[in-house]
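As the structure lists them, so they are numbered: ligands from 1, and atoms in each ligand from 1. Model, not experiment: these values are computed from the prediction.
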Amino acid sequence: MNERETLRINEKGHLEIGGADCVELAKEFSTPLYVFDEAYIRKMMRVYRDTIEREYGGNGLVLYASKAFSCEAMYAIAREEGIGTDVVSGGELYTAIKVGFPPERIYMHGNNKLPSEICDALDHRIGCIVVDSASEADLIDEEAGRRGMVQDVILRINPGVEAHTHAFVQTATPDSKFGFSIHDGSAERMIAYLLTKKHLRLLGYHSHIGSQIFEKGSFVLAVEKNLAFAAQIKQKYAFEPEVLNMGGGFGIWYTDEDRKITAEEYGEYLSALIDAVKRGCTLHGLRLPRILIEPGRSIVGEAGITLYTVGAIKEIKGVRKYIAVDGGMFDNPRYCLYQSKYTAVLANRAAEPPTELVSIAGKCCESGDLIGVNMNLPAAKTGDILAVLSTGAYNYSMASNYNRNLIPPAILVNEGKAEYIVKPQTYEDLVRNDVLPPRLRR
Ligand code: LLP
């Protein structure tokens with residue numbers, strides 16, 4: 001196991017997260033269970049915030065990309081840390097507003113925002129909408145006009161940077177449903193169009209090149225391309241960006257194939273971007289824009305683990321050994337979607353060295369329902385507590401009730417103490433929205 005800031009093995013040989021013994025957590029809260037370390041989440045938010053403060057005179061804002069893990073407590077923590085948030089749906093916006101998130105620090109994304117979502121954003125007076133289509137621009141302009149307002153917007157542009165990550169999470173390749181390309185003239189046409197809108201105020205540009213990316217060079221290249229583009233637009237339209245939103249995407253540690261980046265090193269990633277902004281602005285004679293970044297995975301991914309109880313064990317001689325757990329693709333669909341790799345640990349025997357390669361299966365009626373294949377573990381027994389690490393991002397937020405399994409609850413651990421931030425679902429929750437027409441009743 002790669003020792004991380006949030007995890008350790010205690011004197012009982014049990015895995016601990018944020019000072020809490022995972023075996024005790026499993027006993028108290030049952031499994032499957034998402035566990036989050038609050039200190040790690042806050043530390044990551046602060047690293048980004050403080051880097052902007054220190055190296056850019058505070059002229060910027062960190063937006064927590066809440067699609068990574070959205071629940072009331074996460075918005076409340078981001079609010080307390082003085083950062084902003086990026087929301088991508090009416091549901092995320094609703095949750096943020098519900099905990100009193102300052103609307104001016106909310107930015108809304110989405111390639112196909114619904115009219116109702118745009119109206120909600122305007123009614124709540126959120127800080128900024130990231131425009132991703134002409135029809136959306138028309139709608140925001142019209143609805144803002146109806147309300148007698150001028151809405152701040154930024155344009156999502158596609159700088160055409162190919163980043164080394166899974167194809168499904170690359171977003172700035174020529175074939176992308178997101179943004180407007182700076183290469184084929186569509187970004188320029190959209191800028192010209194936005195500048196004609198009476199009820200929109202164009203603040204600048206946004207780009208996001210993808211997720212789970214480790215190469216600093218890809219992020220820096222995107223900044224350089226964006227600023228070169230901004231300079232061309234300035235010459236032609238006398239429009240200079242006040243804001244540059246550089247998106248999210250910093251990679252995290254899942255297995256030892258990934259680099260382990262400390263919180264401080266994430267600050268250095270951001271420093272490299274800040275340097276690129278300063279260099280690019282000097283080169284092109286642009287004034288320094290207010291900078292925004294949208295980290296999701298790097299804030300919450302390594303802060304979370306999932307605890308399961310080992311159930312059925314099946315060895316198919318010469319093929320593989322399956323260790324089945326009480327969760328699966330309904331709480332973590334990432335292996336099914338992206339063949340994502342994870343590290344697993346037996347939380348009750350965490351000091352024992354791994355002795356075999358196994359596949360971890362879920363409990364869904366589907367052969368592909370796996371958490372991972374060829375994972376290193378000591379010989380697991382029914383009843384062991386299995387911890388899958390780095391599950392804080394895009395696990396709970398992508399969970400489903402497939403097979404009418406219950407989405408696991410989430411707890412937040414702080415200095416050894418744990419409390420629910422998402423309570424357990426019940427079977428009653430599953431049928432809450434079912435309707436039985438009278439003719440089918442008996
Ligand atoms: N900003 C924008 C516009 C984005 O589209 C995303 C992620 C982020 C920020 C945050 O990126 P992060 O820092 O978390 O890498 N479900 C996939 C990940 C999808 C990412 C979508 N956009 C997964 O499980 O890997």
Side-chain angles (χ1 to χ4, degrees), residues 34 41 44-45 47-48 61-70 74 78 83-89 92 106-113 128-133 154-159 161 163-173 176-180 205-216 218-219 222 226 243-255 258 261 266 269-270 273 291-304 306 329 331-342 371-372 388 390-400:
Y34 298 110
I41 294 169
M44 287 306 304
M45 290 177 177
V47 161
Y48 291 131
L61 187 63
V62 180
L63 305 172
Y64 165 58
S66 62
K67 73 203 82 179
F69 176 46
S70 173
M74 275 306 292
I83 68 169
T85 189
D86 125 29
V87 299
V88 291
S89 68
E92 287 184 357
I106 301 180
Y107 283 60
M108 181 178 263
H109 270 288
N111 69 303
N112 186 29
K113 300 175 192 74
C128 192
I129 302 180
V130 182
V131 171
D132 202 351
S133 74
I154 52 186
L155 179 67
R156 179 154 183 174
I157 61 176
N158 177 347
V161 174
H164 296 132
T165 187
H166 192 286
F168 286 4
V169 290
Q170 281 185 352
T171 47
T173 55
S176 172
K177 70 169 182 170
F178 298 107
F180 292 90
Y205 309 126
H206 167 277
S207 74
H208 168 79
I209 58 172
S211 199
Q212 186 57 10
I213 297 168
F214 285 95
E215 300 87 40
K216 259 185 213 154
S218 302
F219 294 108
N226 291 345
V243 169
L244 183 68
N245 184 332
M246 302 181 284
F250 298 152
I252 66 165
W253 176 88
Y254 285 101
T255 71
D258 302 312
I261 301 178
Y266 282 107
Y269 265 72
L270 179 51
L273 294 189
I291 54 166
L292 305 172
I293 54 156
E294 301 171 330
R297 192 191 308 268
S298 58
I299 286 182
V300 80
E302 290 190 51
T306 309
M329 64 192 287
D331 64 76
N332 181 358
R334 295 190 72 257
Y335 179 80
C336 303
L337 284 172
Y338 322 113
Q339 292 75 53
S340 301
K341 294 185 178 167
Y342 283 97
I371 298 293
V388 177
S390 296
T391 58
Y394 306 111
N395 273 230
Y396 173 78
S397 63
M398 295 204 295
S400 74

State which residue, out of N111, N158, I157, fulfils the side-chain contact (heavy atoms from CB on, under 4.5 Å) condition with F178.
N111
Would E294 count as being in polar contact with ligand 1, using the rule that some N or O on each side must be under 3.5 angstrom apart?
yes
Hey, does G296 come in under 3.5 Å of ligand 1, counting only N/O atoms on both sides?
yes
Ligand 1 atoms nearer than 4.0 angstrom to some heavy atom of M398 are 16 (N), 24 (O)
Kindly state whether the ring of H109 and the ring of H208 have centres lying under 6.0 angstrom apart.
no
Using distance alone, determine whether H109 and ligand 1 share an N or O pair under 3.5 Å.
no
For D86, the ligand 1 atoms with a heavy-atom partner under 4.0 Å come out as 1 (N), 9 (C)
Short side-chain donor-acceptor distance under 3.5 Å, S340 and Y394:
no
Would you check if the side chain of S397 reaches a backbone N or O of S70 as a donor-acceptor pair within less than 3.5 Å?
no
Nitrogen or oxygen of A65 less than 3.5 angstrom from that of ligand 1:
no
Crowded around K216 NZ? As in, over 12 foreign heavy atoms under 6.0 Å?
yes
What are the atoms of ligand 1, with element, lying closer than 4.0 Å to any heavy atom of P295?
13 (O)
Using the side-chain contact (heavy atoms from CB on, under 4.5 Å) rule, pick out the option among I83, D86, V87, I41 that qualifies with Y64.
I83
Which of the numbered atoms in ligand 1 are below 4.0 angstrom from a heavy atom of G249?
11 (O), 12 (P), 13 (O), 15 (O)
Could you establish whether A68 and ligand 1 come within less than 4.0 Å of each other, counting only heavy atoms on the residue side?
no
Verify the ring-centre separation between Y342 and Y335: is it less than 6.0 angstrom?
no
Ligand 1 atoms in contact with H206 (distance to a heavy atom under 4.0 Å)
3 (C)
So, S66 and E92: side-chain donor and acceptor under 3.5 Å apart, yes or no?
yes
Enumerated ligand 1 atoms positioned under 4.0 Å from heavy atoms of Y338:
16 (N), 17 (C), 23 (C), 24 (O), 25 (O)
Taking N or O atoms only and a 3.5 Å limit, does R156 qualify as a polar contact for ligand 1?
no
So, is S298 polar-close to ligand 1, with some N/O to N/O distance under 3.5 Å?
no
Heavy atoms of other groups near Y396 OH, more than 12 under 6.0 Å
no
